[in-house]
Protein chains: 2
Amino acid sequence: MKNTGSPTLEDVAEAAGVSTATISRALNDPDKVAKETRERIQKAVDRLGYTPNFGGRVLASNRTNTVGAIIPSMANAMFASGLQAFQEVLAESGVTLLVASSGYDTEHEFRQIRSLMTHGADGLLLIGDERPQKTKDFLALRKIPYVISWCYRNTPDGLYVGFDNEKAAYKLTNRVLEFGHRDIAMIAGISKGNDRARNRIEGVSRAVRENTDGARLTKIVEARYRLENGAEAFDEIMSASDLPTAIICGNDVLAAGAIVRARKKGARVPDDVSITGFDDIGLASVVEPGLTTVRVPQIEMGQEAARQLLRLLSNQPATSSIEIETELVMRDSLAAPKALAV
Amino acid sequence: MKNTGSPTLEDVAEAAGVSTATISRALNDPDKVAKETRERIQKAVDRLGYTPNFGGRVLASNRTNTVGAIIPSMANAMFASGLQAFQEVLAESGVTLLVASSGYDTEHEFRQIRSLMTHGADGLLLIGDERPQKTKDFLALRKIPYVISWCYRNTPDGLYVGFDNEKAAYKLTNRVLEFGHRDIAMIAGISKGNDRARNRIEGVSRAVRENTDGARLTKIVEARYRLENGAEAFDEIMSASDLPTAIICGNDVLAAGAIVRARKKGARVPDDVSITGFDDIGLASVVEPGLTTVRVPQIEMGQEAARQLLRLLSNQPATSSIEIETELVMRDSLAAPKALAV
DNA sequence: TTGAAAGCGCTAACAT
DNA sequence: ATGTTAGCGCTTTCAA
């Protein structure tokens, strides 16, 4: 793992017959260098394939133009497009994005935060706000500028650019109740260390609890983020004696897994059982019946998070948290309950 | 964008009452430091929230333990799980992954390669092998270790860990022909600057060309990577006077878009028209009817790519390209053609 | 417009 | 087991 042989400023300086300072200026502040000198330097740079050494540059200038993002998993459509948007906005300002993944593990997230700092991140994008005190202390101690996304809190500490998972789940559940469902089950994401999953459970629970017409939660099953897990959870719910008429799922992947399994088992959706999702990823519009779900404006969220982080980094006028609104997308997987003809 | 105020080795040294060298050792080679000294150092590190400065470290050790990956887009399920697997294998060896995206633009890819080198990447993961000579020259000039994935070539130059897109598409198309289809259309990805998309087109074309029983390609439409684009391409194909009995799609997203549109238009799949995909992402098993497609073992590919790159970086025994085998997944979207009852 | 030289934080060779 | 010290490649005064 050696970087030996990389040409250095000195190599270029020798090749171009000027001093290293001039090369540095030509690269960072071209106006300060005579045009013909600049051209001579450019030739040398191209010929040698020179790229500045990040280490030297950071050391000397104390500036990295790099931010880090730590997402729970790269293999998750839910973060992909938001992150892409985040990156694009950063790129416009010449800022490079470093991405790491935590595997939904707050301990690992802490290590990744340290690693990104080590790699010179000027600021961070974090997903969700549940993390050990240790991590929060570290962020505070080092005064690291960061934005928290994919969730929203109305608190003075911390800059949030995201949506309120509890509220969105609450709204969705009330809609399910309006359709006449009273026996409701939930397939949730794993809530441990994951405030988004937990808040969605809380939103569903609250809506059911506040209902005055006998609504109840027959069962809550937590499942990992894969189609199969949704399918298995569906089986678990439908093999109990206490059957729901609607299953609210913590995300679209679980919902799609449940729908496919329902189809395979001969259960009609929504006639026998309604199923709803969350996120509105591509899957939701493709599955049959179309998935009624909560649309999360990922691109807008990613862009806004980037803008806020850039603000923080340049010490611009006070920024404050931004709540991104979600929206119910009505498709065909939710309908009024029918008497089961079993 | 200042990193000011970050504690340095010297700060820790002072706090712990030892020299900087001892701190450095305690952090990088703990066995060489007395246990109680180590503990004292650890306390100081925690208290100050010290993280090593990457710049200083790189400069002094000429080692970064970082590799870069440039993928066409983060918002693409096709790369996500392979990249996640790639990252996990690297992490086992203490190597950090930096991810950048090229937006399917070879010019932008070149810039990202330079940027990653600047950020201290010891090696690179590149997707596909179509890029300007300029880029190849740069890689060669700087002797950058890299692995090319998501495609495969049997050539001595370049280390490939991937699958043969042409061959896979050829196999799939022959299967379609075996079902009795003779009038075939294709919805392909954008082939410009994208060898994977182009090779898939070539595989389909070759199979059709080699058929001696009147098979022909009624139309090839190139579409961008979104469900809607697949849907639009489907419309374009089905509004022509020359109708196919099967549509081969360059990827699952396009195929799913086409299937959903077909359903909306009242065309039955596969009775009226067969549709096939490529990649076998989650969508493929969820869409109705289930998508007959080509399974790409992404996780295996990502892991193997990481191992090969680590090999390259540690100058281990000669590595050679690895062909990952793809597999036809038969679901229900492909069947024998029926007479159209229009 | 250009050059000379100090020093950024760290590691590693050498000393103790 | 620990300390001393010379750079690593770059930017940035300060001087010419």
Side-chain angles (χ1 to χ4, degrees), chain A residues 1-41 44-45 48-66 114-115 117-122 142, chain B residues 1-41 44-45 48-66 117-122 142:
Chain A
M1 300 231 183
K2 288 279 176 183
N3 244 346
T4 40
S6 298
T8 70
L9 251 202
E10 200 165 359
D11 297 332
V12 183
E14 191 173 352
V18 291
S19 74
T20 59
T22 303
I23 312 277
S24 176
R25 275 190 289 261
L27 263 34
N28 298 309
D29 210 349
D31 295 342
K32 296 195 166 173
V33 173
K35 186 159 170 244
E36 58 176 36
T37 317
R38 225 184 315 153
E39 281 162 0
R40 197 145 36 90
I41 289 171
V45 166
L48 297 172
Y50 169 78
T51 46
N53 176 305
F54 180 73
R57 180 181 292 217
V58 171
L59 218 43
S61 70
N62 203 15
R63 203 182 314 118
T64 69
N65 278 325
T66 296
R114 294 179 64 97
S115 162
M117 293 318 293
T118 291
H119 278 83
D122 287 328
R142 288 289 303 274
Chain B
M1 303 231 179
K2 287 275 173 183
N3 245 346
T4 41
S6 298
T8 70
L9 250 202
E10 200 164 358
D11 297 331
V12 182
E14 190 172 352
V18 292
S19 74
T20 60
T22 302
I23 313 277
S24 176
R25 274 191 290 261
L27 263 35
N28 299 310
D29 211 348
D31 295 340
K32 295 195 169 172
V33 173
K35 189 164 167 240
E36 57 177 38
T37 317
R38 224 186 312 154
E39 282 162 0
R40 198 147 36 92
I41 290 172
V45 166
L48 298 172
Y50 169 79
T51 45
N53 175 304
F54 180 71
R57 177 176 287 194
V58 171
L59 219 43
S61 70
N62 202 17
R63 204 181 313 116
T64 68
N65 279 325
T66 297
M117 294 316 293
T118 289
H119 279 82
D122 287 328
R142 287 289 303 275

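A note on names: the letters A, B, ... follow the listed sequences, proteins ahead of strands, and every chain is numbered from 1.
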- Taking only residues two or more places apart in sequence, or in another chain, which ones meet B:Arg40 in a side-chain contact (heavy atoms from CB on, under 4.5 Å)? B:Val18, B:Thr37
- Can you name the side-chain contact (heavy atoms from CB on, under 4.5 Å) partners of A:Ala44, sequence neighbours left out? A:Val12, A:Ala15, A:Ala16
Whole Å only: how far is the [atom1] atom of [X] from the [atom2] atom of [N]?
X	N	atom1	atom2	answer
A:Glu14	C:dG3	CD	P	13 Å
A:Asp29	D:dC10	CG	P	17 Å
A:Lys32	C:dG3	NZ	C1'	15 Å

- May I ask you to test the B:Thr66-B:Phe54 pair for a side-chain heavy-atom distance under 4.5 Å? yes
- Close side-chain approach of A:Arg57 to A:Asn28, heavy-atom, < 4.5 Å: yes
- Task: Please identify each residue that fulfils side chain to side chain donor-acceptor pair (under 3.5 Å) with B:Ser19, with sequence neighbours left out.
- Result: B:Thr22
- Item | Partners passing side chain to side chain donor-acceptor pair (under 3.5 Å) against B:Thr51 (at least two apart in sequence or in another chain) | A:Arg142
So which protein N/O to nucleotides 10-12 of chain C N/O distances come out below 3.5 Å?
residue: C:dC10; atom: OP1; partner: B:Tyr50; partner atom: OH; Å: 2.4
residue: C:dC10; atom: OP1; partner: B:Asn53; partner atom: N; Å: 3.1
residue: C:dC10; atom: OP2; partner: B:Leu9; partner atom: N; Å: 2.3
residue: C:dT11; atom: OP1; partner: B:Asn28; partner atom: ND2; Å: 3.0
residue: C:dT11; atom: OP1; partner: B:Arg57; partner atom: NE; Å: 2.9
residue: C:dT11; atom: OP1; partner: B:Arg57; partner atom: NH2; Å: 3.4
residue: C:dT11; atom: OP2; partner: B:Ser24; partner atom: OG; Å: 2.7
residue: C:dA12; atom: OP1; partner: B:Arg63; partner atom: NH2; Å: 2.7

- Could you tell me, to 10°, how much the axis swings from one end of the helix from C:dT1-D:dA16 to C:dT16-D:dA1 to the other, five pairs per end? 30°
- Listed partners of A:Asp31 passing salt bridge (Lys or Arg N to Asp or Glu O under 4.0 Å), at least two apart: none
- Message: Is there a side-chain contact between A:Ser19 and the phosphate of C:dA4, meaning an N or O under 4.0 Å from OP1 or OP2?
- Response: no
- Message: Could you work out, with ring-ring contact (aromatic ring centres under 6.0 Å, His included) as the rule, every residue matching B:Tyr50, not counting sequence neighbours?
- Response: none
